[in-house]
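Note sheet for the following structure.
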Protein chains: 2
Amino acid sequence: MKLSEGVEAAIHCAATLAGLEDGATIPGSALAAQFSLSPSYLLKHLQALAGAGILESVPGPAGGYRLARAAERISLLDIVMAVEGPQPAFRCGEIRRNGPVKLPDAAYVKPCGIKVAMLRAEKAWRTALAAEKLSAIVADFRKDADPRSVAAACAFVAQHRRPQKPVSGT
Amino acid sequence: MKLSEGVEAAIHCAATLAGLEDGATIPGSALAAQFSLSPSYLLKHLQALAGAGILESVPGPAGGYRLARAAERISLLDIVMAVEGPQPAFRCGEIRRNGPVKLPDAAYVKPCGIKVAMLRAEKAWRTALAAEKLSAIVADFRKDADPRSVAAACAFVAQHRRPQKPVSGT
DNA sequence: TTATCATGGATAAATTATATCCACAATCAG
DNA sequence: CTGATTGTGGATATAATTTATCCATGATAA
């Protein structure tokens, strides 16, 4: 069982976008280049994040992606669910019913205890993921990471950001 | 992201084997039939469980599988790790290093904060899985499940168990 | 008008999960 | 010993999923 590599990419991109000032954007192609990822494929994930309301997209020559809400209100669970889908990792196939001896459906109204136990454990995972906020990850990075790495990240943002376009009237 | 179906099968088989008296076994082919699973493929998972020390196998016409230790000391984490492998679900590809600006390795001695956060959340999942004991699942099943279902499970064990062979001296 | 960028669909390649088969070793019954 | 039953392990085929690419389209700023 493993998470898709898209999750790692999505989190890194979201963390990068958290460094933007209000309204500014970074194009998807720049994000792909920053992590040496396939642009076409990364866009798929960025679109998933946008569809989930985590990112906003701005079309046009000055467009790109930005966070749709404050980093304090974006958790790793939000990102994982946007990329991987909402389904739980454990999916009960109800194989308890597959034996040669067939019982009526009424014998299976209570949920399978194995499913209950597995989902209970998975709930703990989701709770922990929901507690990991994007804002905390960015703050820890700026505080603890190597200064050269922090400087490089800031330089990337400064180089590729597109400032907020003025609100164009009619 | 999803767990393989083998996990569900492995847990059901282990729970079934927990109903055996000391030393008795059930052949893998009977377990496969009980859950309408591919015998050849289920055996792969049973072998993985045996290799991990969760099950014991007994060859020969009176052979089969049984728990290698008490159900109280078998957790869902043990089974999941035996079937899925020990690797974490989140695997850090160190894509933080992949940008066009290359920094020396010394700039990356501190672990990636995203990896740390993801593994911290995953740890909560493993802890919760480790707390789910096979003995509790079996006890809950006998106490709460539909009596017809419990009776069917007991009948299956009674029909297919192979009693412990007497210790044969030289 | 032109260049840049996001969107969405179609599709191919690579990887992993699922499933099957076969030759072999171990064990027990007769 | 012989034959039947069972687990072991490797090789291999099939299906599903993930990863990656491409192209046509619409939106927007210069």
Side-chain angles (χ1 to χ4, degrees), chain A residues 1-10 13 17 24-33 35-51 55-66 68 83-85 87 89 91 93 95 160-169, chain B residues 1-10 13 17 24-33 35-51 55-66 68 83-85 87 89 91 93 95 160-168 170:
Chain A
M1 173 241 5
K2 82 183 180 70
L3 288 167
S4 80
E5 297 174 12
V7 170
E8 182 182 9
C13 288
L17 293 174
T25 64
I26 290 179
S29 56
L31 291 168
F35 301 113
S36 292
L37 295 169
S38 151
S40 318
Y41 191 48
L42 178 63
L43 287 192
K44 284 276 189 294
H45 296 311
L46 294 178
Q47 287 172 25
L49 293 174
L55 301 186
E56 280 176 353
S57 61
V58 176
Y65 291 93
R66 64 186 169 216
V83 175
E84 294 275 338
Q87 300 174 317
R91 294 158 204 188
I95 64 174
H160 293 282
R161 75 174 165 202
R162 308 288 181 79
Q164 181 179 28
K165 57 175 186 285
V167 178
S168 59
Chain B
M1 171 242 6
K2 80 184 183 72
L3 289 166
S4 79
E5 298 175 11
V7 171
E8 182 182 8
C13 288
L17 293 174
T25 65
I26 290 179
S29 56
L31 290 168
F35 300 113
S36 293
L37 296 169
S38 150
S40 317
Y41 191 48
L42 178 62
L43 287 192
K44 283 276 188 295
H45 296 310
L46 294 178
Q47 285 172 26
L49 293 174
L55 301 187
E56 280 176 353
S57 60
V58 177
Y65 291 93
R66 66 187 168 214
V83 174
E84 294 276 336
Q87 299 173 317
R91 294 160 205 187
I95 65 173
H160 293 281
R161 76 177 163 197
R162 308 291 180 79
Q164 182 180 27
K165 57 176 187 285
V167 178
S168 58
T170 311

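Each chain gets a letter, A, B and so on, in the order the sequences are listed, and its residues count up from 1. Predicted model, so just to flag it, every value in this text is computed and none were measured.
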Kindly point out which of [options] is positioned nearest to the side chain of [X]?
X: Q47(B); options: dA19(C), dT7(C), dG9(D); answer: dG9(D)
X: P59(B); options: dT20(C), dG7(D), dT21(D); answer: dG7(D)
X: P61(B); options: dT20(C), dT5(D), dT19(D); answer: dT5(D)

Rounded to whole Å, please give me the gap between [atom1] in [X] and [atom2] in [N].
X: E56(B); N: dG7(D); atom1: CD; atom2: C1'; value: 14 Å
X: L43(A); N: dT4(C); atom1: CG; atom2: P; value: 16 Å
X: L3(B); N: dA17(C); atom1: CG; atom2: P; value: 11 Å
X: L46(B); N: dG7(D); atom1: CG; atom2: P; value: 8 Å
X: Y41(B); N: dA17(C); atom1: OH; atom2: P; value: 8 Å
X: H45(B); N: dT8(D); atom1: NE2; atom2: P; value: 15 Å
X: R161(B); N: dT5(D); atom1: CZ; atom2: P; value: 21 Å
X: R91(A); N: dA17(C); atom1: CZ; atom2: C1'; value: 13 Å

Next item on the list: Would you mind reporting whether S36(A) and I95(B) have side-chain heavy atoms less than 4.5 Å apart?
Entry: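 Answer no - side chains too far apart.
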
Check: Closer to the 5' end of DNA chain C via nearest nucleotide, is it S40(B) or G63(A)?
Finding: G63(A)

Is [X] near enough to [N] that one of its side-chain N or O atoms lies under 4.0 angstrom from OP1 or OP2?
X: Y65(A); N: dT7(C); answer: yes
X: R162(A); N: dC5(C); answer: yes
X: S4(B); N: dT18(C); answer: yes
X: S38(B); N: dT20(C); answer: yes

Check: In Å, rounded to the nearest 0.5 Å, how long is the span from CD1 of I26(A) to CZ of R161(A)?
Finding: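 One gets 9.5 Å once the value is rounded to the nearest 0.5 Å.
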
Next item on the list: Look at the side chain of K44(A) against the base of dG8(C) and say whether a donor-acceptor pair falls under 3.5 Å; ignore hydrogens and angles.
Entry: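 Side chain to base: no pair present.
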
Next item on the list: Apply side-chain contact (heavy atoms from CB on, under 4.5 Å) to the pair K2(A) and Q87(B), showing each step before the final yes or no.
Entry: CA-CA 8 Å; K2(A) 82 183 180 70; Q87(B) 299 173 317; over 6 Å; no

Check: Taking all non-hydrogen atoms of both residues, which atom of G28(A) and which atom of Y65(A) are closest, and how far apart?
Finding: N-CD1, 4.0 Å

Notebook entry, point to check: Considering heavy-atom distances to DNA chain D, does G60(A) or E5(A) have its closest nucleotide positioned more toward the 5' end?
Noted result: E5(A)

Notebook entry, point to check: Stepwise, does the side-chain contact (heavy atoms from CB on, under 4.5 Å) test hold for L43(B) with Q47(B)?
Noted result: CA-CA 6 Å; L43(B) 287 192; Q47(B) 285 172 26; 4.2 Å; yes

